[in-house]
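Here the structure comes first, spelled out in structure tokens, and everything after it is commentary.
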Amino acid sequence: MQKAHWADRAERLTGQSWLLLAVNALFVIASSLSGTFLGVYLWKASHNFAAIGWFTLLTHLCMALTFWIAGYVVKKGYSLLCFRIGIALSAGFYAIVLLLGTSAVHYIWLLGLVQGLATGLFWLVFNVIYFEVTEPDTRDRFNGWMGIFGAIAGMVAPWCSGLLISHMNAERGYRMVFMISLGTFIAGVVVSLWLRQRRTEGVYEWRLPARILQTKGTPWRSILGALAAQGFRESVFGVMIGLLVYIQTGSEMKLGNFTLITSAIAFISFYFVGKWIKPSWRSPAMLLGTVALIVVILPFFFGMSYMTMLIFGIGTSLFIPLYTVPMTSAVFDLIGQNEESVRQREEYIVLRELGLSAGRIVSMLLFIVTVSVSQDPLVLNILLLVVGSAPFVCWLCMRGYLRSMAGQREKMPRREVTR
């Protein structure tokens with residue numbers, strides 16, 4: 001009984017973990033309120049897939065550069081300052097959209113730079129703090145809760161936005177939604193004031209990504225391939241799915257309903273995956289999730305409609321936790337495996353983000369080239385299938401590491417290297 005009680009305590013999240021989840025929830029709510037409809041807003045102003053692609057590509061490029069440079073500032077002990085600046089810049093992004101209105105589509109470069117800087121700062125510091133306030137025994141649970149909060153935000157926020165836009169003058173509705181997002185980001189800055197600054201160690205190693213790639217036998221080389229594959233899928237699907245739903249229906253309200261339904265499924269799925277998944281189950285869970293994510297794309301080849309979009313959305317929401325939770329937890333477990341990598345946690349988190357960014361950039365370049373050549377439904381479906389098959393590459397790269405970690409689990413100390 002005592003052993004079981006100790007294990008239960010070891011798997012509980014700390015107060016700082018819950019506070020970080022609260023800040024993330026506010027960030028996701030604000031992003032979901034407007035981000036779901038930002039692509040639609042730009043589409044209605046331009047009717048140009050490539051313009052939206054260029055905005056997303058600029059965001060990814062600026063975000064990658066921000067990760068690398070801001071890693072130095074975070075290492076110097078200014079992580080929470082960077083965190084708050086990132087959230088504040090996200091608010092500033094929507095302030096710029098409000099000021100520019102429908103002419104925002106002519107300032108794609110400015111929007112991409114601000115969005116990339118804001119999201120780069122936020123996610124770099126978020127991941128550093130996430131690593132510091134969790135342990136191997138709590139990461140799957142933390143990721144499950146983060147997915148739950150994200151699903152709740154995905155249920156409520158876009159639906160409310162769609163309702164506002166549909167029942168008000170469209171331009172006025174969009175402006176109201178962007179204003180609410182701006183206020184929610186500001187609330188996130190306020191809540192972040194209660195997060196504690198952790199002590200950093202050592203000098204920032206600018207060339208760590210290059211050194212890791214040149215090191216033979218390190219698991220990081222295959223994991224970077226997996227991260228690039230993960231980012232490869234995220235980029236195009238993040239742009240296309242909401243936009244395709246709107247194009248098929250012509251209704252912001254139906255897009256809001258789509259996110260309500262799919263996020264409700266994700267809520268249930270993340271809850272059970274976060275509660276029950278164990279490190280020894282990560283590889284088979286990830287394989288199951290990977291195969292399912294590819295299969296749910298196939299209905300598109302029988303005709304693009306709101307129904308096939310729903311089939312895709314529900315299937316993705318049901319199985320994506322099996323893919324993302326093991327992936328995220330395993331990478332952060334690797335960062336915490338020894339004292340050297342813990343001391344260089346900032347550099348390794350930058351390395352992780354650069355791997356994701358590399359995949360996102362290549363994917364978005366492929367998207368821009370494809371839609372510039374042809375926007376035929378068959379071509380777009382083939383593009384979605386190619387990009388959507390990237391999780392299988394991710395699993396191939398991760399499976400060896402996941403199995404080795406499962407085999408070593410019983411030999412490892414229960415707690416990670418002290419931070």
Side-chain angles (χ1 to χ4, degrees), residues 16 20 59-86 89 116-136 139 195-231 327-362 394 397-398 400-401 404-405 412-413 415-419:
Q16 286 286 294
L20 183 62
T59 298
H60 292 331
L61 287 168
C62 187
M63 189 162 54
L65 190 60
T66 299
F67 287 137
W68 188 53
I69 296 174
Y72 171 79
V73 182
V74 171
K75 188 80 170 183
K76 296 289 285 185
Y78 299 103
S79 59
L80 288 180
L81 176 62
C82 290
F83 197 48
R84 290 160 193 152
I85 290 173
L89 280 173
L117 182 59
T119 52
L121 287 172
F122 177 84
W123 286 114
L124 170 62
V125 182
F126 175 88
N127 286 321
V128 170
I129 300 173
Y130 158 72
F131 174 74
E132 293 173 343
V133 301
T134 60
E135 302 286 345
R139 282 200 184 109
L195 285 168
R196 292 199 299 265
Q197 178 81 50
R198 300 299 177 99
R199 181 173 60 89
T200 59
E201 301 177 68
V203 178
Y204 185 68
E205 185 182 349
W206 292 93
R207 295 191 70 257
L208 182 133
R211 177 170 66 82
I212 291 296
L213 287 172
Q214 294 168 3
T215 303
K216 294 182 180 179
T218 176
W220 274 107
R221 294 177 77 170
S222 61
I223 286 176
L224 281 172
L227 289 166
Q230 182 181 356
M327 178 72 191
T328 303
S329 298
V331 173
F332 280 91
D333 285 355
L334 180 59
I335 297 174
Q337 70 175 349
N338 59 59
E339 292 183 3
E340 180 185 359
S341 58
V342 169
R343 282 195 300 269
Q344 292 189 295
R345 56 188 177 273
E346 295 85 2
E347 288 94 330
Y348 278 100
I349 288 169
V350 169
L351 178 66
R352 173 186 181 268
E353 297 298 337
L354 289 177
L356 288 167
S357 294
R360 291 168 183 155
I361 290 166
V362 172
C394 186
C397 293
M398 288 293 296
Y401 174 70
S404 68
M405 289 303 293
M412 292 174 64
R415 304 296 284 176
E416 207 170 48
V417 175
T418 302
R419 291 186 283 280

Inset, instruction - Could you go through the side chain to side chain contact (heavy atoms under 4.5 Å, CB included) check for Thr328 and Arg352 one step at a time? - result: CA-CA 10 Å; Thr328 303; Arg352 173 186 181 268; 4.2 Å; yes
Inset, instruction - Give me the one residue out of Arg345, Gln197, Gln16 that meets side chain to side chain donor-acceptor pair (under 3.5 Å) with Glu132. - result: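 Exactly one option meets the side chain to side chain donor-acceptor pair (under 3.5 Å) with Glu132, and it is Arg345.
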Legend entry - Heavy atoms from other residues, nucleotides or ligands near OH of Tyr72 exceed 12 (cutoff 6.0 Å):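 Count not over threshold, so no.
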Please round to the nearest 0.5 Å and tell me the distance separating atom [atom1] of [X] and atom [atom2] of [Y].
X: Tyr348; Y: Ile212; atom1: OH; atom2: CD1; value: 3.5 Å
X: Glu353; Y: Thr119; atom1: CD; atom2: OG1; value: 9.5 Å
X: Asn127; Y: Ser79; atom1: CG; atom2: OG; value: 12.5 Å
X: Tyr401; Y: Leu334; atom1: OH; atom2: CG; value: 4.0 Å
X: Tyr204; Y: Ile69; atom1: OH; atom2: CD1; value: 9.0 Å
X: Leu61; Y: Ile361; atom1: CG; atom2: CD1; value: 4.5 Å

Inset, instruction - Go through the structure and list residues passing salt bridge (charged side-chain N to carboxylate O under 4.0 Å, His left out) with Arg360, not counting sequence neighbours. - result: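 Here the qualifying residues are Glu234.
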Legend entry - Pairing residues for Arg196 by the salt bridge (charged side-chain N to carboxylate O under 4.0 Å, His left out) criterion, not counting sequence neighbours: none
For [X] against [Y], the heavy-atom pair lying closest together:
X: Met398; Y: Ala226; answer: CG-CB, 3.5 Å
X: Gly86; Y: Leu121; answer: CA-CB, 3.8 Å
X: Ser222; Y: Cys397; answer: O-CB, 3.2 Å
X: Phe131; Y: Phe332; answer: CE1-O, 3.6 Å
X: Leu227; Y: Leu356; answer: O-CD2, 3.3 Å
X: Val350; Y: Gly71; answer: CG2-CA, 4.0 Å

Is any side-chain heavy atom of [X] closer than 4.5 Å to a side-chain heavy atom of [Y]?
X: Thr66; Y: Trp123; answer: no
X: Arg139; Y: Tyr130; answer: yes
X: Pro209; Y: Leu213; answer: no
X: Lys75; Y: Glu205; answer: no
X: Ile335; Y: Ile349; answer: yes

Legend entry - Backbone of Trp206 reached by a side-chain donor or acceptor of Trp68 within 3.5 Å: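 At least one qualifying donor-acceptor pair exists.
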Legend entry - Glu346 side chain vs Val74 backbone, donor-acceptor pair below 3.5 Å: no
